[in-house]
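In what follows, a single structure is set out as structure tokens and then discussed.
Quick caveat: nothing in here was measured; it's all calculated off a predicted structure. Keep in mind that the numbers below use all heavy atoms, side chains included, and drop hydrogens, waters and symmetry copies.
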Amino acid sequence: MPQNKFAIARYTIIDELLKKNTYVKTSTITETCKRNLGYEVSRRTIQLDLNSMKDDPFLGLFAPIEYCSKRKAYFYKDSEYQFGYQQLNLSEVDLLESVCSIASRHLKPDQRAILGDVLFKIKKRYMAK
């Protein structure tokens with residue numbers, strides 16, 4: 001079975017380790033993945049995962065992961081980082097609601113209802129708590 005099928009599981013493990021520990025070595029991540037996922041993960045795969053979590057615009061995680069060459073370990077530069085998609089702040093939500101309000105004036109009633117549902121789902125999933 002391809003290991004990339006479990007990328008999200010590895011990302012979750014990496015995130016948990018980085019939150020629990022100030023610095024995390026690649027070997028610790030590979031050992032934890034083997035223990036929790038039941039298969040071996042190469043150091044290279046972990047390094048690619050870390051880079052993807054940090055820089056991949058498709059994933060959109062933009063995790064503040066840094067490498068400390070002195071300790072030869074990774075760490076979160078921002079300890080408040082929340083794994084997953086970025087949250088919307090209040091001004092972003094207000095702007096989204098305003099745009100939806102303007103757009104809804106030009107929609108049929110059933111389309112307005114759908115737009116309202118979409119806005120509700122976005123706010124529920126992405127609004128900062």
Side-chain angles (χ1 to χ4, degrees):
M1 185 173 300
Q3 290 184 359
N4 60 355
K5 275 186 94 167
F6 296 103
I8 297 295
R10 292 192 309 270
Y11 299 162
T12 302
I13 290 169
I14 291 168
D15 176 66
E16 289 171 1
L17 287 170
L18 289 170
K19 282 183 179 166
K20 289 179 185 174
N21 306 286
T22 308
Y23 294 94
V24 181
K25 293 182 177 276
T26 308
S27 59
T28 303
I29 299 170
T30 58
E31 291 164 8
T32 305
C33 284
K34 182 178 180 180
R35 187 173 53 251
N36 292 356
L37 300 176
Y39 68 92
E40 294 226 13
V41 179
S42 70
R43 292 172 56 92
R44 180 71 180 138
T45 296
I46 296 302
Q47 290 167 341
L48 290 170
D49 287 347
L50 288 160
N51 286 334
S52 293
M53 290 174 70
K54 182 177 178 180
D55 297 323
D56 190 323
F58 179 76
L59 286 176
L61 298 174
F62 305 111
I65 298 170
E66 299 289 332
Y67 182 75
C68 176
S69 54
K70 182 179 178 182
R71 295 177 187 256
K72 297 182 181 179
Y74 292 92
F75 65 97
Y76 271 148
K77 187 175 182 179
D78 176 5
S79 61
E80 299 297 312
Y81 172 76
Q82 294 294 312
F83 177 70
Y85 298 99
Q86 299 301 310
Q87 301 295 307
L88 298 175
N89 64 39
L90 194 54
S91 63
E92 292 168 329
V93 172
D94 287 343
L95 177 61
L96 185 57
E97 287 176 331
S98 296
V99 170
C100 287
S101 176
I102 293 167
S104 69
R105 295 177 196 156
H106 305 285
L107 298 174
K108 296 176 185 174
D110 59 326
Q111 293 173 321
R112 274 195 290 266
I114 293 170
L115 182 60
D117 291 343
V118 169
L119 181 60
F120 175 77
K121 289 176 184 177
I122 289 171
K123 287 168 58 176
K124 183 177 176 184
R125 180 165 182 179
Y126 296 105
M127 190 165 172
K129 294 175 173 64

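- Considering Leu18, Leu37, Ile8 as possible partners of Ile13, the one that fulfils the side chain to side chain contact (heavy atoms under 4.5 Å, CB included) test is Leu37.
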Pair Ser42, Thr45 - check side-chain hydrogen bond (donor to acceptor under 3.5 Å, both in side chains), show working. CA-CA 5 Å; Ser42 70; Thr45 296; 2.9 Å; yes
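- Put simply, NZ on Lys20 and OG1 on Thr32 are 9.0 Å apart, with the number rounded to the nearest 0.5 Å.
- The closest donor-acceptor contact from the side chain of Asn89 to the backbone of Glu92 lies under 3.5 Å.
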Under the criterion side-chain hydrogen bond (donor to acceptor under 3.5 Å, both in side chains), I'd like the reasoning laid out for Asp15 against Tyr81: C-alpha separation, chi angles, the key distance, then a yes or no. CA-CA 10 Å; Asp15 176 66; Tyr81 172 76; over 6 Å; no
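- Residues passing the salt bridge (charged side-chain N to carboxylate O under 4.0 Å, His left out) test with Glu16: none are found, sequence neighbours excluded.
- Between atom CG of residue Asp49 and atom OG1 of residue Thr26 there is a gap of 11.0 Å, rounded to the nearest 0.5 Å.
- Side-chain heavy atoms closer than 4.5 Å link hydrophobic residues (I, L, V, M, F, W, Y) into clusters, and following such links, possibly through other members, connects Ile14 to Tyr39.
- When side chains are defined from C-beta on, Lys19 counts as touching Tyr76, because their heavy atoms get closer than 4.5 Å.
- Side-chain heavy atoms closer than 4.5 Å link hydrophobic residues (I, L, V, M, F, W, Y) into clusters, and following such links, possibly through other members, connects Ile114 to Ile122.
- Distance OG/Ser52 to NZ/Lys54: 12.0 Å, rounded to 0.5 Å.
- By the 4.5 Å side-chain criterion applied to Ile, Leu, Val, Met, Phe, Trp and Tyr, Val99 is assigned to a cluster that also includes Leu95.
- Distance alone, capped at 3.5 Å, places no donor-acceptor pair between the Thr28 side chain and the Val24 backbone.
- Counting heavy atoms from C-beta outward, Gln47 and Arg44 have side chains that approach closer than 4.5 Å.
- Heavy-atom minimum distance, Met53 versus Leu61: O-CB, 3.5 Å.
- Here the CG-CD distance, from Asn36 to Glu31, works out to 11.5 Å after rounding to the nearest 0.5 Å.
- Put simply, the side chain of Ile65 does not reach to within 4.5 Å of the side chain of Phe75, judged on heavy atoms.
- Checked by atom type and distance alone, the side chain of Asn21 never pairs as donor or acceptor with a backbone atom of Tyr23 at under 3.5 Å.
- When side chains are defined from C-beta on, Lys34 does not count as touching Val41, because their heavy atoms never get closer than 4.5 Å.
- Listed by chain and number, the residues in a side-chain contact (heavy atoms from CB on, under 4.5 Å) with Lys72 are Lys25, Tyr67 (sequence neighbours excluded).
- Here the side chains of Arg105 and Arg112 are not in contact, with every heavy-atom distance at 4.5 Å or above.
- Under the 3.5 Å distance criterion, the side-chain polar atoms of Ser101 are left unmatched by any main-chain donor or acceptor of Glu97.
- Rounding to the nearest 0.5 angstrom, the gap separating the SG atom in Cys100 from the CG atom in Leu115 is 4.0 Å.
- Between Phe83 and Tyr11, some side-chain heavy-atom pair lies under the 4.5 Å cut-off.
- The CG atom of Leu17 sits 6.0 Å away from the CD1 atom of Ile29 when rounded to the nearest 0.5 Å.
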